[in-house]
Amino acid sequence: MQGGSSGIVYGGLKYQARCIADVRAAAGSTTFLAGTLSLKEENEVHLIRFSPAESELVCDGLFYHPNEIWDLKSCPFDHRVFSTVYTSGEGYGASVWKIPELHGQSNSPPLEQLFTLDEHTGKIRCVLWWPLGKHDKLISIDDRNIFLWNIDASNKSAKVMQKGSADMLPNLRGGSWDPHDHNSIAAITDSSLHCWDLRSMKKSNAIEHAHFRDVDYNPKKQHLITIAEDEFGIRLWDLRMLKYPLKNLPGHSHWTWAVRHNPEHDQLILSAGTDSTVNLWFAKVGTDDSGPESPPGSPTREEEPLLNSYTDYEDSIYEKMKLHVLSVVRAHNSTSLLDFLLAILYTVLWYMELMRWPDSTACDPRTIASQ
């Protein structure tokens, strides 16, 4: 481990990692799961805890995973449960796992596979947990279908409740589960976004004719979503009024591939793009940003405060940086907005090392603190 101006580095990974997830159900600690992506070797899931006293990242558990991990999500109500999407010789698979009780062992026991999501026949894109509180449903998305599962971890079972087909739409890329309505998700294709009612699996609102890369719901304001697009960078939309977006953010000099809101401070948005840059934005939206004051034509690009830009990456930041870095930093560990911004910086720099990128000379946290 090492700290300082280059951030906090976790050096415990033997292989390249694509996925990191915040264990939000781990009350009283800041904990992560990281999954590796090795073609030939047995892959690993690392349970990593931030120790504020020593300002270091500690490995609390290392577990073997049989396949390459392409998506990893932590259960929002049970800190020992998580899901993975993986590849094997037979194609794509998705499973839900449970971390065993560790009891201080130096060698971690095997993961317990609770159940598999085995109705998929295509390329599985992601698994979604409803982000707020305990919920007995789970969503999985492949390139042609959306599955709603009823899950029972105690009985190790999962049953398909609903299935929605993309029909004539292009291949599905992913989605986001509405934190304000557990019956609604937003799913994206290469050229459109559609809201789905999970009770009927029917599509409702749609945004079309754009190249979408990622979507995230505003965690505090209902009906608001943020989308990463190739042409326009980042757009903030009100799903009730789709004639114009609420705001445009410049995004990146090349494609913008990922966006995430902070779960407590919804005005803070992180974006990552193929220009090898991570940007931290402050974008305030409300009722004053929509309605009669909207311009009669397409909205002009507004200059938004760019709080920081992390530019020392040598590789483009694609799906492997899905910006769980923002949801990783939780407000209950921050006493002020400044604390949150410093934590963001440390986490981004650590993520860079996690992905085996070269050492960064990104700005020292003390520079932010002095502003």
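Within the 4.5 Å cutoff, the side chain of Ile207 has heavy atoms near those of the Phe212 side chain. Using a 4.5 Å heavy-atom cutoff, the side chains of Trp70 and Leu37 are in contact. Lys156 is listed as a side-chain neighbour of Glu112, based on a closest heavy-atom distance under 4.5 Å. Trp177 has its side chain within reach of Ile139: a pair of non-hydrogen atoms, C-beta onward, lies under 4.5 Å apart. Looking at heavy atoms from C-beta onward, Phe32 lies in side-chain contact with Leu57 at the 4.5 angstrom threshold. Taking the side chain as every heavy atom from C-beta outward, Glu44 and Tyr15 approach each other to under 4.5 Å. Looking at Ile124 and Ile141, their side chains never come closer than 4.5 Å, going by heavy atoms from C-beta outward. Thr226 has its side chain out of reach of Asp214: every pair of non-hydrogen atoms, C-beta onward, lies at least 4.5 Å apart.
In summary, the side chains of Ser309 and Asn279 do present a donor paired with an acceptor at a separation below 3.5 Å, with no hydrogens or angles considered. Side chains of Glu56 and Ser51: no donor on one and acceptor on the other come within 3.5 Å. Using modelled atom types and a 3.5 Å distance limit, the side chains of Thr36 and Asn43 yield a donor-acceptor pair. Checking Ser184 against Trp196 by side-chain atom types alone, no donor-acceptor pair falls below 3.5 Å. Side-chain polar atoms of Ser95 and Gln113 form a donor-acceptor pair below 3.5 angstrom. Side-chain contact annotation: Thr31 with Ser29, donor-acceptor N/O pair under 3.5 Å present. Side chain to side chain, Ser83 and Trp129 meet the donor-acceptor criterion of an N or O pair below 3.5 Å.
Distance check: Ile225 CD1 to Asp238 CG gives 9.5 Å after rounding to the nearest 0.5 Å. Atoms CZ and CH2, on Arg213 and Trp255 in that order, are 5.5 Å from each other to the nearest 0.5 Å. How far CG of Asn150 is from OG of Ser157: 7.5 Å, rounded to the nearest 0.5 Å. Here the OG atom belonging to Ser140 is positioned 11.0 Å from the NZ atom belonging to Lys73, to the nearest 0.5 angstrom. How far NZ of Lys221 is from NZ of Lys284: 8.0 Å, rounded to the nearest 0.5 Å. To the nearest 0.5 Å, atoms NE2 (His254) and OG1 (Thr277) are separated by 12.0 Å.
Evaluated for a ring-ring contact (aromatic ring centres under 6.0 Å, His included) with His120, the options Tyr92, Phe147, Tyr86 yield exactly one hit, Phe147.
Both Trp237 and Leu193 belong to a common hydrophobic cluster when Ile, Leu, Val, Met, Phe, Trp and Tyr are linked at side-chain heavy-atom distances under 4.5 angstrom. By the rule that hydrophobic residues join a cluster once side-chain heavy atoms approach within less than 4.5 Å of another member, Val81 and Leu138 end up as members of one cluster. Hydrophobic clustering (ILVMFWY, side-chain heavy atoms < 4.5 Å, transitive): Ile227 and Trp281 are in distinct clusters. By the criterion of side-chain heavy atoms lying less than 4.5 angstrom apart, applied directly or through intervening Ile, Leu, Val, Met, Phe, Trp or Tyr residues, Leu148 is grouped together with Ile185 in one hydrophobic cluster. Transitive grouping of hydrophobic side chains (ILVMFWY, heavy atoms separated by less than 4.5 Å) keeps Leu128 and Leu117 in distinct clusters.
When atom types are taken as modelled, the side chain of Asp71 and the backbone of Val127 share a donor-acceptor pair closer than 3.5 angstrom. A side-chain donor-acceptor contact under 3.5 Å links Arg125 to the backbone of Leu172. At least one donor-acceptor pair closer than 3.5 Å links the side chain of Asp181 to the backbone N or O of Asn183. Formation of a donor-acceptor pair under 3.5 Å by the Arg80 side chain with backbone atoms of Lys98 is not found in this model. Judged by distance alone, with hydrogens and angles left aside, the side-chain atoms of Asp216 form a donor-acceptor pair with the main-chain N or O of His261 at under 3.5 Å. Distance alone, capped at 3.5 Å, is enough to place a donor-acceptor pair between the Arg144 side chain and the Leu169 backbone.
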Between His135 and His182, is the side-chain contact (heavy atoms from CB on, under 4.5 Å) condition met? List the steps.
CA-CA 9 Å; His135 194 48; His182 59 76; 3.9 Å; yes

Could you walk me through whether Ile99 and Leu111 pass side-chain contact (heavy atoms from CB on, under 4.5 Å), step by step?
CA-CA 5 Å; Ile99 297 173; Leu111 291 170; 4.1 Å; yes

Before you tell me yes or no, could you show the steps for Met201 and Ile146 under side-chain contact (heavy atoms from CB on, under 4.5 Å), namely the whole-Å CA-CA distance, both residues' side-chain angles and the distance that decides it to 0.1 Å?
CA-CA 8 Å; Met201 279 298 178; Ile146 298 174; 4.1 Å; yes

Set out, in order, the CA-CA distance, both residues' side-chain angles and the distance that settles side-chain contact (heavy atoms from CB on, under 4.5 Å) for Leu13 and His46, then state yes or no.
CA-CA 8 Å; Leu13 292 175; His46 289 237; 3.3 Å; yes

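Counting heavy-atom neighbours within 6.0 Å of His180 NE2, excluding the residue itself, gives a total above 12. Within 6.0 Å of the CZ atom in Phe77, the count of heavy atoms belonging to other residues, nucleotides or ligands exceeds 12.
Remark: Lys220 engages Glu264 in a side-chain hydrogen bond (donor to acceptor under 3.5 Å, both in side chains) (not counting sequence neighbours).
Residue pairs meeting the salt bridge (charged side-chain N to carboxylate O under 4.0 Å, His left out) criterion with at least one partner in residues 184-210, sequence neighbours excluded, are Asp167-Lys203, Arg173-Asp190, Asp197-Arg199.
Nearest heavy-atom pair across Trp130 and Pro179 is CZ2-O, 3.4 Å. Closest approach of Leu236 and Ala283 over heavy atoms only: CD2-CB, 4.2 Å. The two residues Val259 and Ser271 come nearest to each other via the heavy atoms CG1-CB, 4.1 Å. Between Ala25 and His79 the shortest heavy-atom distance is CB-N, 3.6 Å. Residue Pro76 comes nearest to Gly133 through the heavy atom pair CG-O, 4.4 Å, listed as atom of the first residue, atom of the second, then distance. Scanning both residues, Gly175 and Cys126, for their nearest heavy atoms gives N-SG, 4.2 Å.
Between Trp97 and His65, the distance from one ring center to the other falls under 6.0 angstrom.
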